[in-house]
Amino acid sequence: MSKRHLLAIFSNFHEAEAAVKELRNSSIKGFDANQDLIVKSPIEHPEVEEFLGNKPVYVQWFTLCGALTGGLLAFFLISGSQANFFDQVKGGKPVVPFPPNFVLTYEMFILGGVYISILGFLICAGLPARRSPLYSSKVSEDQIGILVKTDEESAGVLKGIFTKHEALEIQEEAGK
Amino acid sequence: MKDIREDIAWAKINTDVLKSLESPRKLFWVIIISALTVFGIGVACELYQYNMGLGVANLDNPHVWGLYIATFIFWIGMSHSGTLLSAILHLMHADWRKPIYRFAEAMTTFSLMTAGLFVMVHLGRLWQFYYAVPYPNERWIWPNFQSPLLWDAMAIFTYLSSSILFLYVGMIPDLAICRDNIHTGWRKKLYTLLSLGWEGTDRQWRNFRVTYLTIACFLIPLAVSVHSIVASDFAMSQQPGWHVTSFPPYFVAGALYSGCAAIITLFIILRYVFKFEEYMTLAILKKVVRLTFAIAMVWTYLNLIEYATVWYSHDEVSKAVLIQKATGTYAPFWWMMNFCGSIVPLIMAFKRFQTNIPVMMVVSLLLNMGMWLERWMIVSPTFSHGYYPWTWDHDQWPSWVQWGVVFGSFGWFTFLFMVFCKIFPSVSMYEVKEMVYHRSLASKKLEVAGMQESGKGAH
Amino acid sequence: MIDNNFDRRDFLKVLGWGGAAVALSGCGNTSIEDGKETVVSYVHAADYVIPGISVYFNSTCAQCEAGCSISGRVREGRVLKLEGNPDSVINHGKMCGLGQAGVQHHYNPDRVREPLLRSGDKGEVITWEKAYALIAEKLNGVSGDQIDFLTGTVSGHLKVLLGNYLDSLSSKNHFVYEAVSPAVQRAANLKSYGMEMPRFNINKAKVVVSFGADFLGAWVSPVHFSQQYAEFRKGVDGQRGVLVQVESKMTLTGANADRWLVVRPGTEGILALGVVNALGAAGLQLPADVAAAVKDYDKERVSKDTGVSTEHLTKLAALLKERTPSLVLLGSAAEGYAHGSENAAAINLLNHVLGNVGKTVEASAAVPYPQIAPATGNSAGLRMVNNRLADGQSKVLFTYGTNPVFTAPAELKFKENMAKAGFKVAFAHYLDETALQADLVLPLNSALEDWGTIVAEYQPDGVQIGVQQPLMEKLHPNTLGMGDILLALIKQRRAEEYKSFDDFYSYLRTALLKNKSEFAAAGTDDDVYWNDLLSGGIINVGGASNKLAGKYSANIQLPAPAERDQNYPLTLIPSVTASLRDGRNANQPWLQESPDPLTTIVWDSWVEIHPKKAAELGIVEGDIVEVSSKNGSIKAQAYLFPGIHPDAVSIPLGNGHDAMGRYAKGFGVNAFQILSRVFDNETGELAMHETQVKLSKTGKRIIVVKEEGPVGGSQQGRKIAVTVSSDQVDLSEEV
Amino acid sequence: MSVSNLLENWSDFRHKHPVEDVPHDPYKWAMSIDLDACTGCNACSVACYAENNLPVVGKERYAHGQAMHWMRIERYWPEDDREFPDQGAQFLPMMCQQCEAAPCETVCPVGATNHTPDGLNSQIYNRCIGSRYCSANCPFKVRYFNWYDYPTTENVWPAEMTQQLNPDITVRGKGVMEKCTFCIQRIRVGQRNVKNEGRVLRDGEVQTACQQVCPTNAITFGNLIDTESKVHQQWKAQRVELAVDEQTKDTEEGGSDLRGYRILEELRPYPSVMYMERVRESAI
């Protein structure tokens with residue numbers, strides 16, 4: 001069944017919020033507010049999460065894995081290489097000394113954490129991405145956009161809701 | 001006095017900042033050319049030194065380190081303020097950081113890149129620097145992971161790459177703005193590529209927020225560890241005047257201190273060069289100045305603690321180094337450092353000077369000079385007056401080659417920084433918008449109690 | 001030593017039987033950088049040459065007159081390092097820094113490489129044939145009496161050949177000149193002991209009192225005496241030896257003394273007699289004439305004259321009386337005065353009084369072949385040549401092994417006088433100051449390329465004849481050994497007699513083999529003997545037995561301490577340092593960069609001033625001061641030195657060359673130049689310590705280039721170099 | 001594989017080798033220097049130049065403190081305000097102390113300086129990148145850095161003089177740290193020679209250049225493990241032990257009649273060079 005994409009631009013965050021709330025409360029055929037609704041905003045609005053429902057973020061798990069891997073890798077790389085570097089003794093210390101190795105383990109813990117967090121961010125946020133055709137540069141300036149995907153026939157209903165909430169403009173495009 | 005006008009139109013924010021990316025003023029070119037000239041002098045000195053050997057720097061046995069290491073610490077220290085503003089203040093929700101943290105972070109990145117140069121310049125056999133890199137090789141030869149210098153290298157690498165990533169991630173929404181507004185030439189391609197297709201969707205923002213917060217959390221201990229490790233270069237050694245327990249916190253405080261002073265300097269310069277008066281307001285300057293003052297007092301305390309512990313200990317050798325600092329060849333510099341580091345900042349305690357731009361410019365430069373001297377006074381006197389009296393060497397004076405490279409590094413830093421400010425928005429547009437938005441919400445909340453409901457999500 | 005399990009005697013035998021005149025064929029004067037060198041220098045290497053394995057050849061050190069036997073490490077045809085020959089009775093395998101720098105003399109880039117005909121400032125390279133022809137031409141019509149030979153110390157077969165050459169010229173004018181020599185002492189010793197240089201057994205003495213003899217540094221045979229000193233410190237009968245040094249300027253030996261007694265310059269003899277007096281007072285039986293002679297030298301007077309406290313005088317006498325045998329040594333600091341001979345006699349008297357003669361002062365063996373015994377040098381030789389030159393009596397002057405233009409006091413005007421001779425020939429290693437004044441400069445082989453025998457003046461055990469043999473092929477093809485040159489010259493006169501000798505090597509070999517029966521078992525094959533001799537590097541002959549004969553003289557007329565001249569209030573002490581001596585080795589960079597042990601100054605000259613005097617004159621370290629005597633002045637950096645009498649200043653000798661080479665030219669000042677023309681009353685030797693000077697500041701100040709740091713010799717209370725009093729240690733349990 | 005090797009030999013790598021747990025065997029090179037015998041004549045220093053290809057840096061560089069003497073003779077004066085140093089000067093030959101717990105080793109970023117199994121503090125010239133941290137952390141300041149490229153510097157080694165260079169060791173270029181090695185080239189030759197015979201080196205078979213030349217035998221060098229060696233006996237007689245920071249001499253009640261000590265022992269580098277105090281006669 002063919003789908004239609006709609007992008008409504010609002011000048012005001014409260015209008016957009018009201019529109020979203022209404023969309024979530026309405027039951028429109030071929031439109032699931034949890035999946036087919038995307039809010040685009042120029043700044044970060046923590047409230048969005050609340051009215052969009054609680055969507056989980058998984059970046060922290062990447063962070064944890066990255067940090068642990070980095071730390072372990074560091075310790076074994078360092079200790080292993082110390083044990084193999086002609087078994088050379090330095091300054092009357094053990095071949096594999098703990099306190100100095102801890103420093104680099106710590107650094108690599110952080111390095112791994114940061115790198116993998118970024119990787120996680122890119123994965124979770126779906127970046128890099130092609131820009132969707134329904135995009136207005138106004139969204140990066142001062143306006144809020146609501147992008148919805150719905151069945152062809154429900155498009156009118158949605159447009160109605162947007163217009164009701166004083167959308168400045170509505171772009172539409174056929175899609176899958 | 002408000003930190004920022006709450007009624008700035010968001011579109012104006014975009015225009016103002018984007019304007020700073022275009023058609024450079026004459027002053028900009030003057031700065032770029034002077035920076036390149038100074039950098040060129042440094043390069044010439046380094047080439048000469050590379051060809052002749054480090055002897056031309058007028059280092060000697062046993063005075064094997066000099067300005068290179070001191071300036072290295074200086075640049076590393078400078079980098080800490082970016083982290084302070086972007087990470088620590090971010091966690092503390094101090095939103096006045098928002099107009100100024102971007103350039104502070106850029107400063108972090110570029111001062112680290114400058115510091116990295118000194119590691120190289122300092123080496124006797126620069127062409128073999130890769131021996132210090134732990135690359136797998138068939139002979140199983142590895143660097144010595146016990147060496148604080150190697151920790152340094154690793155810490156700088158971690159810090160530099162993390163800072164670049166942090167700067168970059170935080171800049172993605174702004175890059176999208178650039179992409180949306182600049183439609184010509186290489187810039188368009190650059191911004192399109194770098195913005196990664198950012199559209200400001202809720203999913204992107206959600207992950208963005210968590211990631212930014214996580215990295216900020218990592219960056220704080222990282223920054224602390226980096227300067228502790230730099231302190232370890234000295235504290236882990238056995239030398240009098242270096243083997244000091246309080247060095248790691250002392251170095252971190254010194255780093256934040258010099259970084260904040262540098263922020264004041266650059267704040268004033270950017271405000272003037274790019275006409276950012278609307279964003280880099282005097283109210284924010286005041287806050288930065290107060291923060292700097294607080295850190296200055298922390299540093300002063302740690303500095304005095306260091307003297308006191310040496311003075312009251314029975315470590316005669318360390319005491320001799322301290323006395324030598326205060327009375328010997330280095331005395332003028334040592335007293336100057338204490339003056340610049342502890343007395344000059346007292347000016348910042350006075351309200352009327354806190355927003356006096358010329359005064360603050362001079363003060364911030366003096367503070368930085370004091371902090372540079374501090375590093376020199378840590379490195380050199382110990383060599384001049386170590387454990388072994390026979391090898392004492394009070395006459396060592398850096399040659400013009402050393403001075404040339406040190407000055408050259410300032411040219412290099414300025415060049416990188418100015419180029420950055422022309423290519424990337426040096427004021428975070430989206431965050432200024434957030435700041436304006438939340439502040440206006442809060443004001444309204446005060447004015448109209450009835451608007452509680454609609455302001456539900458506001459801070 | 002690295003023992004590579006190769007018997008080097010075997011190698012040398014091969015060498016000998018192979019009949020090779022030179023040790024090994026070398027790689028010539030190419031360098032690795034040029035890429036001209038082959039890695040293994042031989043297509044057909046001799047059997048004894050194994051690439052990468054060093055062999056050792058013995059020879060004799062020619063850096064000073066002590067005659068230490070050396071062992072040169074040779075690898076791939078190059079001498080790398082000089083070590084001591086353990087079989088030598090002089091140095092027992094040890095070396096000094098000066099000796100080791102012999103390789104730098106050999107490889108010196110500034111050596112003369114071609115015969116040079118000089119006129120004005122220019123030198124023209126000529127062939128040896130032309131040089132010899134020129135000498136023959138110039139000698140033609142000159143009577144023997146008009147030909148002078150001025151040399152440094154010569155001994156061995158070279159001396160024989162030189163004598164023969166002079167004989168062939170019917171000249172008797174061989175003058176031996178050493179700028180720094182114990183000549184006064186020789187004369188005094190001859191009187192006191194019946195020989196110029198008896199044997200001094202420092203190792204058998206319990207107390208050594210040295211009047212300015214720097215036996216650890218530069219006096220007579222320092223390596224030998226240093227070894228004796230080590231034994232002396234370990235002690236006789238478990239009692240550690242005590243060294244007392246009496247001098248006005250601290251020498252290296254003074255720096256190692258248990259008690260360093262600073263005396264007013266020139267009063268060493270008074271102190272010696274004072275000690276004799278004190279010994280008498282302490283109960284030592286003195287001969288009547290001695291007692292009478294010293295009766296005026298009571299402690300108070302001696303203390304007043306010399307500046308040594310009565311307490312120290314008493315302690316010294318008590319120590320000498322209690323611990324016997326002792327030994328009293330006499331050195332340059334005591335003999336360098338107009339009354340040097342009297343000082344020397346007074347000091348030698350002490351040995352007699354203490355009963356040391358025969359115990360710690362013993363007869364040395366006489367060289368059984370007087371013709372090879374060393375012709376020892378003194379400054380009288382220079383004085384005579386100088387007078388002859390000034391009077392125009394000398395028409396042709398040969399110089400060898402000496403640099404009089406550098407070492408003669410300016411007042412003698414040697415350089416000007418030398419120009420009066422019609423023809424001057426310098427046999428030289430470097431274009432030094434004297435060679436520059438010569439008409440013909442003949443390039444010599446280095447000591448490591450040359451053949452010869454060396455007999456040292458000081459013989460500690462029997463007589464050791466040092467054999468000098470080449471350690472490698474000549475570096476420069478056109479240099480020649482002094483022996484070879486003399487042989488060529490003598491053939492100009494007596495071709496028949498010397499025709500069987502192709503070169504000095506064959507002369508030497510023939511001469512030594514002639515005496516084979518006296519050195520080796522009867523019936524030893526010539527070649528076997530010769531090879532043994534070369535591999536040993538030394539010939540030890542028992543030496544003719546000898547007895548001490550002289551007697552002390554109690555008739556010693558010591559002048560009262562001189563009043564200070566108001567205009568020239570300070571005594572100049574030209575000091576002889578262990579490495580530079582009289583300056584002939586100044587072009588060896590190891591020696592220039594080896595810090596002076598006491599001041600730690602390198603590459604320069606300096607003026608030592610007592611800090612008290614310096615404060616009085618407002619002088620600080622590094623001030624360029626002008627030191628003026630009646631005969632000129634020199635400017636040098638001041639160094640505040642606590643080990644010097646406040647009425648004296650000291651400048652080291654050896655630096656201040658204006659020729660010679662890149663490592664010598666332009667460094668420091670030449671203190672010889674301002675010495676006054678005062679001579680010892682008896683021997684006529686130049687009295688080196690009789691120059692009175694004044695100091696004036698020039699207003700210039702430099703940073704002294706030295707090894708010590710800004711706190712000088714202070715340990716800042718840290719436990720670095722520790723001294724302990726002898727009553728607080730137990731040396732008996734030590735290894 | 002490094003990690004499997006690491007895990008298999010874990011306990012070995014955790015030993016405080018060799019200071020405490022594992023003694024050197026069969027060699028531990030050490031020295032003792034008798035300051036009562038040392039006359040300060042500098043012969044050892046010159047021998048070191050000859051043996052180890054040390055550059056003569058010239059007056060100007062010497063003035064800048066860039067001299068390369070691995071063995072330096074220090075001269076100290078008494079510090080009690082006496083007018084004349086009437087007990088002479090005190091000389092001290094100072095070279096790398098080959099510390100057992102060497103401060104220089106831990107700090108080298110590339111591991112160019114290490115401890116060898118025979119107890120030497122080795123310096124790997126071609127590994128050195130010239131960070132000079134080792135020198136910075138050396139309490140004795142006995143490490144010397146090649147501030148210039150001496151092999152190509154005018155008048156350091158003119159063409160003729162290159163022929164004197166010892167082929168057993170290198171000539172160091174610019175940017176490399178160097179120091180006394182206890183004449184490691186001699187030790188290694190000696191060790192290989194006796195290896196063929198299936199034995200260990202005997203005392204005196206290997207001499208350092210400075211020891212060999214010393215006219216007063218003030219320097220003793222040898223194997224501290226070998227109970228027959230002179231150096232072992234001297235250490236034992238002075239009751240000086242390697243891995244402690246306080247010797248019998250320091251702790252004995254009422255003073256000690258021993259004279260062996262190590263410099264800056266309180267810093268615990270455990271130097272391998274024992275000095276014996278200079279003695280001065282009390283009766284004069």
Side-chain angles (χ1 to χ4, degrees), chain C residues 1-2 5 29 31-32 75 78 80-81 83 94-97 100-101 103 107 109 216 223 226-227 229-230 233 242 244 252 254-260 262 315 319 578 589-590 593-594 597 600 602-603 642-643 662 705 713-715 720-730 733-735, chain D residues 35-37 39-43 45-47 49-51 56 59 62-63 72-77 79 84-90 92 155 158-164 166-167 186 189-190 193 205 207 212-213 215-217 230 233-234 237 257 259 261 263 277-284:
Chain C
M1 190 190 301
I2 299 168
N5 303 327
N29 186 16
S31 66
I32 299 167
R75 208 175 117 170
R78 293 182 199 140
L80 303 176
K81 186 170 182 291
E83 291 166 3
K94 299 299 183 181
M95 289 283 278
C96 63
Q100 296 178 81
V103 280
Y107 289 119
L216 298 175
V223 178
S226 294
Q227 290 176 293
Y229 168 82
R233 284 303 200 194
V242 181
V244 178
L252 184 61
N256 284 290
D258 291 279
R259 187 61 64 184
W260 181 73
V262 59
K315 276 191 178 172
L319 191 73
W590 286 344
E593 194 145 314
S594 171
T600 75
V602 292
W603 288 101
R662 63 193 73 182
V705 182
S714 161
Q715 303 183 32
I720 288 171
V722 187
T723 297
V724 63
S725 176
S726 66
D727 53 7
Q728 283 165 19
V729 283
D730 178 9
E733 298 293 308
E734 290 193 1
V735 181
Chain D
L35 297 180
D36 198 35
T39 65
C41 71
N42 253 332
S45 183
V46 177
Y49 272 77
E51 175 71 22
V56 170
K59 187 178 179 183
Y62 208 111
R72 61 172 188 249
I73 307 290
E74 295 164 7
R75 186 271 293 114
Y76 295 103
W77 294 116
E79 289 177 66
F84 299 104
D86 59 357
Q87 289 195 306
Q90 162 109 51
L92 181 90
N155 288 342
E160 294 89 343
M161 287 212 186
T162 57
Q163 299 186 53
Q164 182 272 325
N166 185 356
R186 294 179 173 211
V189 167
N193 286 343
E205 282 184 313
Q207 287 184 303
Q212 184 185 22
V213 80
T216 57
N217 288 316
K230 192 179 167 198
Q233 288 166 2
Q234 280 182 329
D257 54 8
R259 60 188 187 105
Y261 71 103
I263 297 172
E277 291 169 350
R278 183 181 76 150
V279 183
R280 280 299 168 259
E281 179 59 42
S282 48
I284 177 87

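Chain A is the first sequence line, chain B the second, and so forth, proteins listed ahead of strands; every chain is numbered from 1. Remember, predicted model here, so these are calculated numbers, not experimental data.
- The part of C:Leu319 that comes within reach of chain D is its side chain, from C-beta onward, which places non-hydrogen atoms under 4.5 angstrom from that chain.
- With a threshold of 4.5 angstrom between heavy atoms, C:Ala257 approaches chain D through N, CA, C or O but not through any side-chain atom.
- Put simply, of D:Pro215, D:Ala43, D:Ser45, D:Gly88, the one with the most heavy-atom pairs under 4.5 Å next to chain C is D:Pro215.
- Under a 3.5 Å cut-off, the side chain of D:Gln212 and the backbone N or O of D:Gln207 do not form any donor-acceptor pair.
- With chain D as the partner, the residue from C:Ser725, C:Ala721, C:Gly97 showing the most heavy-atom pairs under 4.5 Å is C:Ala721.
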| field | Trace of the salt bridge (Lys or Arg N to Asp or Glu O under 4.0 Å) decision for D:Arg186 with C:Glu83 | value | CA-CA 14 Å; D:Arg186 294 179 173 211; C:Glu83 291 166 3; 3.0 Å; yes
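- Ranked by heavy-atom pairs shorter than 4.5 Å toward chain D, the options C:Leu252, C:Val244, C:Thr723, C:Leu216 are led by C:Thr723.
- In this structure, the portions of C:Arg259 lying under 4.5 Å from any heavy atom of chain D include both its backbone and its side chain.
- Of the listed residues C:Val223, C:Thr600, C:Val262, the one with more heavy-atom pairs under 4.5 angstrom with chain D than any other is C:Val262.
- For D:Asn166, the side-chain hydrogen bond (donor to acceptor under 3.5 Å, both in side chains) test picks out C:Arg73, D:Glu51, with sequence neighbours left out.
- In terms of modelled atom types and a separation under 3.5 Å, the side chain of C:Asp258 and the main chain of D:Glu281 share a donor-acceptor contact.
- Of the listed residues D:Arg75, D:Arg72, D:Glu74, D:Glu277, the one with more heavy-atom pairs under 4.5 angstrom with chain C than any other is D:Arg75.
- The part of C:Val103 that comes within reach of chain D is its side chain, from C-beta onward, which places non-hydrogen atoms under 4.5 angstrom from that chain.
- Contacts with chain C were tallied for D:Thr216, D:Val213, D:Ile263; D:Val213 has the most, counting heavy-atom pairs under 4.5 Å.
- Closest non-hydrogen pair, C:Pro109 versus D:Glu160, comes out as CB-OE1, 3.5 Å.
- For D:Gln233, the parts lying near chain C are the backbone and the side chain together; criterion is any non-hydrogen pair under 4.5 Å.
- The closest donor-acceptor contact from the side chain of C:Tyr229 to the backbone of D:Ala37 lies at 3.5 Å or more, if one exists at all.
- For the pair D:Glu79 (side chain) and C:Gln715 (backbone), a donor-acceptor distance under 3.5 Å is present.
- When each of C:Val705, C:Leu80, C:Asp730, C:Val722 is checked for heavy-atom pairs under 4.5 Å with chain D, C:Val722 comes out on top.
- Most heavy-atom pairs under 4.5 Å with chain C, from the set D:Ala283, D:Pro167, D:Ala63: that is D:Pro167.
- Taking each heavy atom of D:Ile284 and C:Val242 in turn, the nearest pair found is CG2-CG1, 3.8 Å.
- Each of D:Asn217, D:Leu92, D:Ile73, D:Asp36 has some count of heavy-atom pairs under 4.5 Å with chain C, and the biggest count is that of D:Asp36.
- Partners of C:Ala255 by side chain to side chain contact (heavy atoms under 4.5 Å, CB included), not counting sequence neighbours, listed by chain and number: C:Met250, C:Leu598, D:Ala89, D:Phe91.
- Without hydrogens or angle criteria, D:Tyr49 side chain to C:Ser594 main chain gives no donor-acceptor distance under 3.5 Å.
- Only the backbone of C:Gln728 has a heavy atom closer than 4.5 Å to any heavy atom of chain D.
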